[in-house]
Amino acid sequence: EAQVTQNPRYLITVTGKKLTVTCSQNMNHEYMSWYRQDPGLGLRQIYYSMNVEVTDKGDVPEGYKVSRKEKRNFPLILESPSPNQTSLYFCASSFQGARNIQYFGAGTRLSVL
Amino acid sequence: GNSVTQMEGPVTLSEEAFLTINCTYTATGYPSLFWYVQYPGEGLQLLLKATKADDKGSNKGFEATYRKETTSFHLEKGSVQVSDSAVYFCALTGSGAGGTSYGKLTFGQGTILTVHP
């Protein structure tokens, strides 16, 4: 089954404790992206990757890091989480091209205390 | 830059009522337009899309027409069901490759739809 898998689905942590949210896709997609969803703001792009070892900032990259060492994986790293990073996070992937359909993971709900 | 504006929610309807969720956009060139749906506790799923002016996207009884002259992509359904209760997002991607428009989805703020029996 074609899917984008995020882990964990729920996470509660404390300020400053490094964490990683994993994302994996099995569709051989070149393009992967992270979004955060906040009430009244829709989804905003954090980082994206057009292929292995190619990553770039989205609209709200501050406080986040990513890596793309393999085509299928695109982890999101919070080196020193802060309460303003409490949010719902989605990973998405697609084939190349701005018009292509993006497939989303089920989301990771993160609370930073 | 690109932007998407959706009608404010939440929207509450009775089963079999007519649904319209308004969406307007600002973008350069010829963007592709999408409606995504998010059911409770799940990720976003593509509902329908349109890639050029006057295209009509349709799926599961939902329709939306790409209107370049009014920069709109309103979502409609003739008869909603309880199972349509979800959050609906209008979105667009840029028309060209390269830079931050490449593959990036710009979303509206989302509209919560609740359908009562």
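Quick caveat, the model's predicted, so the values are computed rather than measured. Labels below follow one simple rule: chain letters A, B, ... track the order of the sequence lines, proteins then strands, and each chain is numbered from 1.
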For chain B, which residues from residues 75-93 of chain A lie under 4.5 Å away (heavy-atom distances)? A:Leu88, A:Phe90

May I ask you to list the residues in residues 103-113 of chain A that approach chain B closer than 4.5 angstrom, counting heavy atoms only, ordered by number? A:Phe104, A:Gly105, A:Ala106

[Y] reachable from [X] in the ILVMFWY side-chain graph, under 4.5 Å edges:
| X | Y | value |
| --- | --- | --- |
| A:Val66 | A:Leu43 | no |
| A:Ile46 | A:Leu11 | yes |
| B:Tyr66 | B:Phe34 | no |
| B:Leu105 | B:Leu47 | no |
| A:Trp34 | A:Leu19 | yes |

Let me know if A:Gln6 has heavy atoms under 4.5 Å from chain B in its side chain, its backbone, both or neither. neither

Region of A:Leu41 in contact with chain B, defined by heavy-atom distances below 4.5 Å: backbone

Could you tell me which portion of B:Leu46 (side chain, backbone, both or neither) has an atom closer than 4.5 angstrom to a non-hydrogen atom of chain A? side chain

Does any heavy atom of chain A fall under 4.5 Å from the side chain of B:Gln45, the backbone, both, or neither of them? neither

Are there over 12 heavy-atom neighbours, none belonging to B:Lys68, within less than 6.0 Å of that residue's NZ? yes

Is atom CD of B:Gln81 surrounded by more than 12 heavy atoms (other residues, nucleotides or ligands) closer than 6.0 Å? yes

Within a strict 4.5 Å, meaning less than it, do heavy atoms of the [X] and [Y] side chains meet?
| X | Y | answer |
| --- | --- | --- |
| B:Thr106 | A:Arg44 | no |
| A:Gln45 | B:Phe107 | no |
| B:Tyr36 | A:Gln102 | yes |
| B:Leu44 | A:Tyr35 | no |

